[in-house]
Student: 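Just dropping this structure here.
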Number of protein chains: 2
Amino acid sequence: MATISDVAKLAKVSVATVSRFLNDSGYVGTKSRESIENAIKELNYVPSEVARSLSTKQSDIIGLIIPDIKNPFFPELARAVEDTAFEYGYTVILCNSDENAMKEKHYLEKLTKKYVAGIILTSIIEQENHWQNVKLPIVALDRPIDSKVATVTTNNQKGAELATSYLLECGAKNLLCISGPKNMTSSQTRIEGFKAALHRNGVDAHIIESPYDFEIAEKILYDYLKANPSIDGIFACSDASAIGALKAAHRLKLRIPEDIQIVGFDGIQVGNVVTPSLTTVAQNIYLLGQTAAELLIKQIEGQKLAQESICIDPELIIRETTRKERSE
Amino acid sequence: MATISDVAKLAKVSVATVSRFLNDSGYVGTKSRESIENAIKELNYVPSEVARSLSTKQSDIIGLIIPDIKNPFFPELARAVEDTAFEYGYTVILCNSDENAMKEKHYLEKLTKKYVAGIILTSIIEQENHWQNVKLPIVALDRPIDSKVATVTTNNQKGAELATSYLLECGAKNLLCISGPKNMTSSQTRIEGFKAALHRNGVDAHIIESPYDFEIAEKILYDYLKANPSIDGIFACSDASAIGALKAAHRLKLRIPEDIQIVGFDGIQVGNVVTPSLTTVAQNIYLLGQTAAELLIKQIEGQKLAQESICIDPELIIRETTRKERSE
DNA sequence: TTGAAAGCGATACCAG
DNA sequence: CTGGTATCGCTTTCAA
């Protein structure tokens with residue numbers, strides 16, 4: 001691998017001049033410029049980002065910490081982050097935390113060691129403040145972590161209200177809400193929205209908890225629906241549990257949407273391919289990722305954006321698990 | 001940020017000693033050890049990987065270049081790579097090439113600049129040899145690129161034969177094969193397998209081409225099945241096109257598997273959630289990724305594995321788009 | 001068992 | 001416009 005001084009030697013100039021040429025900083029004469037260009041060609045020279053990082057204490061690497069890329073919500077998010085990073089000349093390191101605080105900490109430290117430029121984080125740790133030590137620019141994605149940290153989320157409350165009202169509008173009388181894990185703020189907020197919408201309509205309802213996993217949700221819902229046949233409308237806090245509910249209903253020979261209607265939350269691809277296709281509150285996943293990346297890059301590049309938080313509206317996508325019947 | 005010399009100063013030893021301590025290389029006296037440990041605690045010292053990289057010319061970063069993380073095949077693959085990397089102390093940079101040679105080249109160069117330790121690559125460029133310049137350890141994943149490069153693939157031929165024979169066994173008489181893009185070796189190999197199985201059985205069949213995208217496949221298949229109602233068995237070279245076929249058949253009011261049977265290829269999650277659930281030749285995606293990562297790390301750590309190539313057997317997963325009827 | 005000092009490959013300040 | 005050189009933080013001989 002050729003180095004900058006090889007280039008300098010061959011071009012018969014100093015390394016300083018080559019460096020200036022490389023970074024378009026300061027003057028470089030036409031002759032110098034030319035011979036440097038040739039030398040670079042000839043030596044097949046590629047500057048070392050590592051050396052540059054060491055001397056500038058900066059890098060163009062962004063760390064992305066998410067629970068699990070296998071979770072269908074995250075590929076699109078990761079893609080959006082990567083696209084945006086690419087556009088601005090950054091590169092992304094992918095870390096799967098498995099919702100595990102130890103792993104999250106491990107990665108945080110590891111990324112710090114690498115002088116990453118900044119971190120985008122869907123954190124499991126919503127209460128502790130172990131990122132206080134992290135001096136880097138951070139953006140919290142999907143889950144807020146600290147009021148001082150820039151955050152990008154979906155308007156969960158609004159989305160849940162949208163879903164719930166629509167279910168009611170479609171004639172559902174006996175509602176069930178499938179919440180996510182209790183420690184997830186987003187799930188809690190969705191439940192708030194659910195309750196608010198019910199309250200406005202004077203209806204009462206059940207709430208049960210299930211992880212965002214369609215097989216587990218299917219089991220839980222199978223038992224629950226069997227025991228509570230009067231339920232005719234379900235709002236699930238995730239598409240995964242909505243699909244679980246759909247499968248459970250299938251097994252119980254309930255017709256969808258005639259006997260029971262279902263609305264999910266997230267807007268992942270599978271919802272569209274399942275039969276009947278899932279009515280859902282779709283988060284704008286790509287925009288979420290893109291916005292987070294842009295916010296981070298702004299911070300990295302110096303613009304202080306004092307506790308800027310961005311909340312993105314979701315959108316109700318009506319498909320086949322609900323019936324529009326204007327409640328007569 | 002504290003540096004190694006801060007630690008040395010505080011611990012009243014030399015940086016060399018601290019370095020030896022950090023890397024467990026060479027002797028460090030008990031007293032030195034102790035004071036170094038304290039100094040590190042006190043200063044909250046974290047070694048800089050960048051500086052280390054610069055002096056050792058090594059790093060613990062692995063580059064992973066794939067077409068698109070949104071493609072349902074890749075999240076699990078990426079996860080396997082990341083898990084394995086994590087286990088061995090490496091970190092992975094994710095790059096989406098979009099099947100675009102320019103982007104692929106860009107990333108290859110970018111990764112080189114960063115002194116990545118090695119690269120795992122699902123390449124679009126199967127003919128050109130632009131990786132000849134890349135001096136780094138490389139493993140080709142899913143798609144072979146060069147006989148000199150270690151490769152991990154699924155046994156596509158065998159998988160296709162498995163699928164085709166099974167379709168025949170289930171009584172299908174009039175087969176259609178949906179191939180992938182012509183320039184993909186894996187798709188070509190699957191077609192070989194399809195033909196081989198047919199040949200053994202003296203049956204003839206149609207082959208059409210479709211991208212690995214279920215919406216496009218649905219359109220193509222809708223027209224094709226409409227024009228060729230005699231087709232009663234489909235082998236798709238990807239689950240995506242299989243699902244497209246399934247949807248098309250649905251729209252044509254064909255009953256599955258009574259009127260038409262379908263077998264896919266890949267074994268992605270959605271196949272299981274679609275209705276009826278998809279019979280498919282499942283690649284062992286996780287193992288694929290894990291093996292590639294292990295092969296790469298072995299190379300990185302010095303073991304020369306002259307053109308080692310690993311071919312992993314897929315497995316037929318029988319679900320609901322086929323009917324087992326032992327050919328009457 | 002320890003430390004001094006020479007790199008690693010760039011950047012950037014300061015003279016010229 | 002250009003070049004010398006200190007510096008970034010760590011590793012690695014080589015002597016002591």
Side-chain angles (χ1 to χ4, degrees), chain A residues 1-37 39-40 43-61 89 109-117 135-136, chain B residues 1-37 39-40 43-61 89 109-117 135-136:
Chain A
M1 270 269 120
T3 72
I4 195 172
S5 66
D6 296 333
V7 174
K9 225 164 281 166
L10 187 62
K12 297 198 194 312
V13 297
S14 74
V15 293
T17 306
V18 179
S19 174
R20 261 180 258 124
F21 168 85
L22 255 22
N23 300 290
D24 263 330
S25 57
Y27 299 102
V28 179
T30 332
K31 281 188 295 188
S32 306
R33 164 162 281 116
E34 217 167 297
S35 51
I36 292 174
E37 276 167 350
I40 289 180
L43 294 170
N44 218 288
Y45 167 72
V46 179
S48 153
E49 301 229 333
V50 175
R52 175 176 297 173
S53 263
L54 182 60
S55 82
T56 61
K57 287 166 157 314
Q58 292 179 349
S59 86
D60 56 8
I61 300 180
E109 186 168 309
K110 191 97 185 174
L111 291 174
T112 310
K113 283 191 198 176
K114 291 192 190 309
Y115 289 173
V116 297
K135 299 284 190 299
L136 300 161
Chain B
M1 270 268 123
T3 74
I4 196 172
S5 66
D6 296 333
V7 174
K9 227 164 279 165
L10 187 62
K12 296 196 193 314
V13 297
S14 74
V15 292
T17 307
V18 178
S19 174
R20 261 179 257 124
F21 169 85
L22 254 23
N23 300 292
D24 264 331
S25 57
Y27 300 100
V28 178
T30 332
K31 282 186 296 188
S32 305
R33 164 163 280 116
E34 218 167 298
S35 50
I36 293 174
E37 277 168 351
I40 289 180
L43 295 170
N44 218 288
Y45 167 72
V46 179
S48 152
E49 302 231 331
V50 174
R52 175 177 297 173
S53 261
L54 181 59
S55 81
T56 61
K57 287 165 155 313
Q58 292 180 348
S59 85
D60 57 7
I61 301 182
E109 185 168 310
K110 191 96 185 174
L111 291 174
T112 310
K113 283 191 198 176
K114 292 191 188 308
Y115 288 172
V116 297
K135 298 285 191 301
L136 300 161

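Below, chain A is the first sequence line, B the second, and so on; all start at residue 1. Remember, it's a predicted structure, so these values are computed and weren't measured experimentally.
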Student: Would you confirm whether A/Ser59, through its side chain, and A/Ser53, through its main-chain N or O, come within 3.5 Å as a donor-acceptor pair?
Tutor: no

Student: Have a look at A/Phe21 and tell me which of A/Ile4, A/Val7, A/Ile40 forms a side chain to side chain contact (heavy atoms under 4.5 Å, CB included) with it.
Tutor: A/Ile40

Student: Measuring to OP1 and OP2 of C/dA4, would you say a side-chain N or O of B/Ser14 lies under 4.0 angstrom away?
Tutor: no

Student: Given atom OH of A/Tyr27 and atom P of C/dC13, what is their separation to the nearest angstrom?
Tutor: 15 Å

Student: Rounded to the nearest angstrom, tell me the gap between atom NZ in B/Lys113 and atom P in C/dG9.
Tutor: 16 Å

Student: Would you mind telling me which residue lines up with the more 5' stretch of DNA chain C, A/Asn23 or B/Thr30, judged by nearest nucleotide?
Tutor: B/Thr30

Student: Go through DNA chain D in 5' to 3' direction and return only the first and the last nucleotide with some atom under 4.0 Å of chain B's heavy atoms.
Tutor: D/dG9 to D/dT12

Student: Distance check needed: C/dT2 C1' versus B/Arg33 CZ, whole Å only.
Tutor: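 Those two atoms, CZ and C1', are 13 Å apart.
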
Student: For B/Phe21, which contact category applies under a 4.0 Å heavy-atom criterion: base, sugar-phosphate, or nothing?
Tutor: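 The answer is nothing, as B/Phe21 stays clear of every strand by at least 4.0 Å.
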
Student: Mind listing the closest non-hydrogen atom pair of A/Leu136 and A/Ala117 along with its distance?
Tutor: CD2-O, 4.3 Å

Student: Using only atom types and a distance under 3.5 Å, with no angle test, would you say the side chain of B/Ser14 pairs donor to acceptor with the backbone of B/Thr17?
Tutor: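 The answer is yes, because a donor-acceptor pair under 3.5 Å joins these two groups.
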
Student: What's the OH-P distance between A/Tyr45 and C/dG9, to the nearest Å?
Tutor: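 Nearest whole value for this atom pair: 10 Å.
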
Student: Figure out the CD1/C1' separation between A/Ile4 and C/dG9, and round it to whole Å.
Tutor: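 Checked: the CD1 to C1' distance equals 8 Å.
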
Student: Touch check for B/Val18, heavy atoms < 4.0 angstrom, all strands: base, sugar-phosphate only, or nothing?
Tutor: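 The answer is nothing, as B/Val18 stays clear of every strand by at least 4.0 Å.
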
Student: Determine, for A/Arg52 against A/Asp60, whether the closest basic-nitrogen to carboxylate-oxygen distance falls under 4.0 angstrom.
Tutor: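 Salt bridge between A/Arg52 and A/Asp60, a charged N being under 4.0 Å from a carboxylate O: no.
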
Student: Kindly say if A/Ser19 contacts the phosphate of C/dT11, meaning a side-chain N or O under 4.0 Å from OP1 or OP2.
Tutor: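 So the side-chain polar atoms of A/Ser19 do come within 4.0 Å of the phosphate oxygens OP1 or OP2 of C/dT11, strictly under.
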
Student: Distance check needed: C/dA12 C1' versus A/Lys57 NZ, whole Å only.
Tutor: 15 Å

Student: Identify whether any heavy atom of B/Val28 sits under 4.0 Å from a base atom; if not, whether one sits that close to sugar-phosphate; answer base, sugar-phosphate or nothing.
Tutor: sugar-phosphate

Student: Given C/dT2, is OP1 or OP2 found less than 4.0 Å from the side-chain N or O atoms of B/Ser32?
Tutor: yes

Student: Closest approach of A/Val18 and A/Ile36, non-hydrogen atoms and distance?
Tutor: CA-CD1, 4.0 Å

Student: Across the strands shown, which category fits B/Val13 at heavy-atom distances under 4.0 angstrom: base, sugar-phosphate, nothing?
Tutor: sugar-phosphate

Student: For B/Ser25, what residues pass the side chain to side chain contact (heavy atoms under 4.5 Å, CB included) criterion, not counting sequence neighbours?
Tutor: B/Arg20, B/Asn23

Student: Pick the closest DNA chain C nucleotide for B/Lys31 and for B/Val15 by heavy atoms, then say which residue is nearer the 5' end.
Tutor: B/Lys31

